[in-house]
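Just so it is clear, the values below take in all heavy atoms, side chains as well, and ignore hydrogens, waters and symmetry mates.
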Amino acid sequence: MKAALRYLAGIAGPSGFGSNSTAEQVTQDCSSFFPTDLTALITGGTSGIGSETARVLAKRGVRIVIGARDMNKGREMKENIQKESPYAKVILLQIDLSSFASVQRFCSQFLALQLPLHILINNAGMFSQNLEFSEEKIEMTFATNYLGHFLLTEILLDRMIESAEKTGVEGRIINVSSVIHSWVKRDAFRFNHILTGTNYNGTRAYAQSKLANILHAKEIARQLKERNARVSINAVHPGIVKTGIIRAHKGLLTDSLFFIASKLLKSTSQGASTTCYVALSPKIEGISGKYFTDCNESNCSNLANDEWVAQKLWNNTHALLHKRLCQATI
């Protein structure tokens with residue numbers, strides 16, 4: 001109840017920011033704490049909170065690499081950023097996160113640029129009411145929201161560690177999750193059933209993918225600590241934002257209920273604030289494996305905090321990718 005009241009009132013938390021804070025507000029004073037040659041890679045940077053995150057980071061002087069599925073939208077986004085910030089450095093590369101081959105191709109193209117990588121924002125997401133499959137015959141929501149980002153992070157992690165060592169700047173990975181992760185029950189979180197879309201329900205599939213995003217952050221944080229790497233990884237809940245994913249859910253609500261619910265939704269700028277805060281704030285230095293809402297560290301579900309589940313998910317995912325990628329090269 002207290003959290004709900006704090007959210008509705010926009011009361012600031014320990015960070016000094018709250019649910020009403022915008023991405024521009026939370027990054028206003030951050031530029032004095034980091035070098036001017038940071039590079040951030042953002043998936044899903046052509047719409048919603050991804051585009052606002054890209055715009056604000058570019059405005060703060062960060063070089064932006066946008067991973068876009070739709071290159072026409074990407075070019076339009078790049079043009080809009082450079083209209084507002086003429087000196088912004090924006091690189092556009094195509095990626096389909098549901099496709100392992102596309103993720104590998106994207107990473108090869110990025111690595112060929114020989115740029116450092118300081119910030120990786122795994123932001124892209126999708127929701128589908130109907131059961132769909134990726135080209136690898138994996139349920140589409142899980143393939144896009146979780147597996148694609150897992151593979152992307154896996155391939156680019158060494159570049160992030162190397163960049164941190166060379167520049168002395170902590171690398172930061174942000175997995176965009178959702179409070180809806182808490183809807184997933186332990187006995188329903190079965191890897192093989194998720195892959196095949198057994199007893200498919202769109203909302204449940206979305207929630208499972210967002211739980212996986214948090215578990216991924218927990219396990220990678222543990223591995224990075226073991227390696228003494230100067231790279232952190234955290235998960236964020238942006239809030240319930242007026243984006244395409246919310247519009248996809250509208251058919252589940254009456255018009256009147258949607259109207260009432262919409263009054264509680266965040267603006268896109270408010271939705272991007274937590275991602276931008278965790279990406280740039282000096283207060284986040286050294287914090288890893290945590291879950292943030294409204295620009296403050298928060299609590300996730302007991303299942304999302306289960307280290308054994310996180311390791312099991314990582315092992316299953318790693319084995320799946322190894323098998324599928326090996327098959328692709330035969």
Side-chain angles (χ1 to χ4, degrees), residues 41-48 50 66-74 93-110 120-157 173 175-178 180-181 184 188-217 219-220 235 243-245 247-249 312-330:
L41 193 161
I42 306 172
T43 65
T46 61
S47 62
I66 296 177
R69 182 169 183 168
D70 186 328
M71 292 297 280
N72 289 328
K73 286 185 178 179
L93 297 174
Q94 200 277 335
I95 187 171
D96 176 357
L97 281 156
S98 73
S99 164
F100 298 157
S102 178
V103 173
Q104 288 181 300
R105 191 161 50 246
F106 171 90
C107 290
S108 295
Q109 292 172 346
F110 172 77
L120 172 60
I121 302 176
N122 292 320
N123 165 81
M126 68 159 289
F127 167 84
S128 177
Q129 292 188 34
N130 301 314
L131 178 60
E132 301 177 64
F133 290 97
S134 70
E135 62 186 42
E136 282 89 12
K137 308 303 180 186
I138 296 171
E139 190 278 311
M140 185 68 81
T141 301
F142 197 67
T144 302
N145 296 359
Y146 168 66
L147 292 176
H149 285 127
F150 183 104
L151 179 59
L152 181 74
T153 303
E154 196 82 354
I155 297 173
L156 297 181
L157 192 56
I173 305 169
N175 284 357
V176 178
S177 182
S178 170
I180 201 175
H181 81 272
V184 181
F189 194 64
R190 300 180 181 180
F191 190 71
N192 289 333
H193 286 187
I194 296 172
L195 295 180
T196 57
T198 302
N199 299 321
Y200 184 79
N201 172 278
T203 300
R204 182 173 60 228
Y206 184 76
Q208 289 170 332
S209 72
K210 292 304 176 180
L211 170 61
N213 290 149
I214 301 176
L215 292 167
H216 177 230
E219 173 59 16
I220 296 300
T243 66
I245 287 177
R247 287 191 293 274
H249 280 81
K312 183 181 179 182
L313 177 63
W314 189 92
N315 288 335
N316 286 338
T317 306
H318 191 265
L320 170 72
L321 290 173
H322 178 74
K323 180 180 179 180
R324 295 297 179 92
L325 295 177
C326 286
Q327 287 177 346
T329 59
I330 294 175

Heavy-atom check, side chain of Leu147 versus side chain of Leu320, under 4.5 Å: yes

Test item: Asp96 side-chain N/O and Arg69 main-chain N/O as donor-acceptor pair under 3.5 Å: no

Reported CD-to-CG distance for the pair Gln109 and Leu93, which is rounded to 0.5 angstrom: 5.5 Å

Residue that, paired with Phe110, satisfies side chain to side chain contact (heavy atoms under 4.5 Å, CB included) out of Ile95, Leu41, Ile155: Leu41

From Asn201 atom CG to Leu131 atom CG, the distance as rounded to the nearest 0.5 Å: 11.0 Å

Residue pair Asn213 / Lys210, side-chain heavy-atom distance below 4.5 Å: yes

Side-chain heavy atoms of Phe191 within contact of Thr317, under 4.5 Å: yes

Partners meeting side-chain contact (heavy atoms from CB on, under 4.5 Å) with Thr198 (sequence neighbours left out): His193, Thr196

Counterpart residues, ring-ring contact (aromatic ring centres under 6.0 Å, His included), relative to Tyr146 (two or more places apart): Phe142, Phe150

Over all atoms of both residues, closest heavy-atom pair of Glu139 and Tyr200: OE2-CE1, 3.4 Å

Backbone of Phe100 reached by a side-chain donor or acceptor of Glu136 within 3.5 Å: yes

Pairwise side-chain contact, Glu154 with Leu321, heavy-atom cut-off 4.5 Å (strictly under): no

Atom pair CZ/CD1 of Arg204 and Ile180 - distance to nearest 0.5 Å: 11.5 Å

Distance-minimising heavy-atom pair for Ala124 and Asn145: O-OD1, 4.2 Å

Nearest heavy-atom neighbours spanning Leu152 and Cys107: CD1-SG, 3.5 Å

Leu97 vs Phe106 side-chain heavy atoms within contact, under 4.5 Å: no

Check: Asn122/Thr153 side-chain N/O donor and acceptor closer than 3.5 Å: yes

Closest heavy-atom pair and its distance - Met140, Ser98: SD-CB, 3.4 Å

Euclidean distance, Ile194 CD1 relative to Asn316 CG, rounded to 0.5 Å: 10.0 Å

Heavy-atom pair of closest approach, residues Thr141 and Ala205: CG2-O, 3.9 Å

Residue pair Asn175 / His149, side-chain donor-acceptor N/O under 3.5 Å: no

Donor-acceptor pair, side chain of His181 and main chain of Ser178, under 3.5 angstrom: yes

Distance-only donor-acceptor check, side chains Ser128 and Asn130, under 3.5 Å: no

Interatomic distance, Ile121 atom CD1 to Ile173 atom CD1 [nearest 0.5 angstrom]: 11.0 Å

Leu120 side chain reached by Leu157 side chain, heavy atoms, under 4.5 Å: no

Between CG on residue Leu151 and CD on residue Gln104, distance to nearest 0.5 Å: 6.0 Å

Taking every non-hydrogen atom, the tightest pair across Gln94 and Ser102: OE1-OG, 3.9 Å

Whether Asn123 side chain and Gly44 backbone form a donor-acceptor pair below 3.5 Å: yes

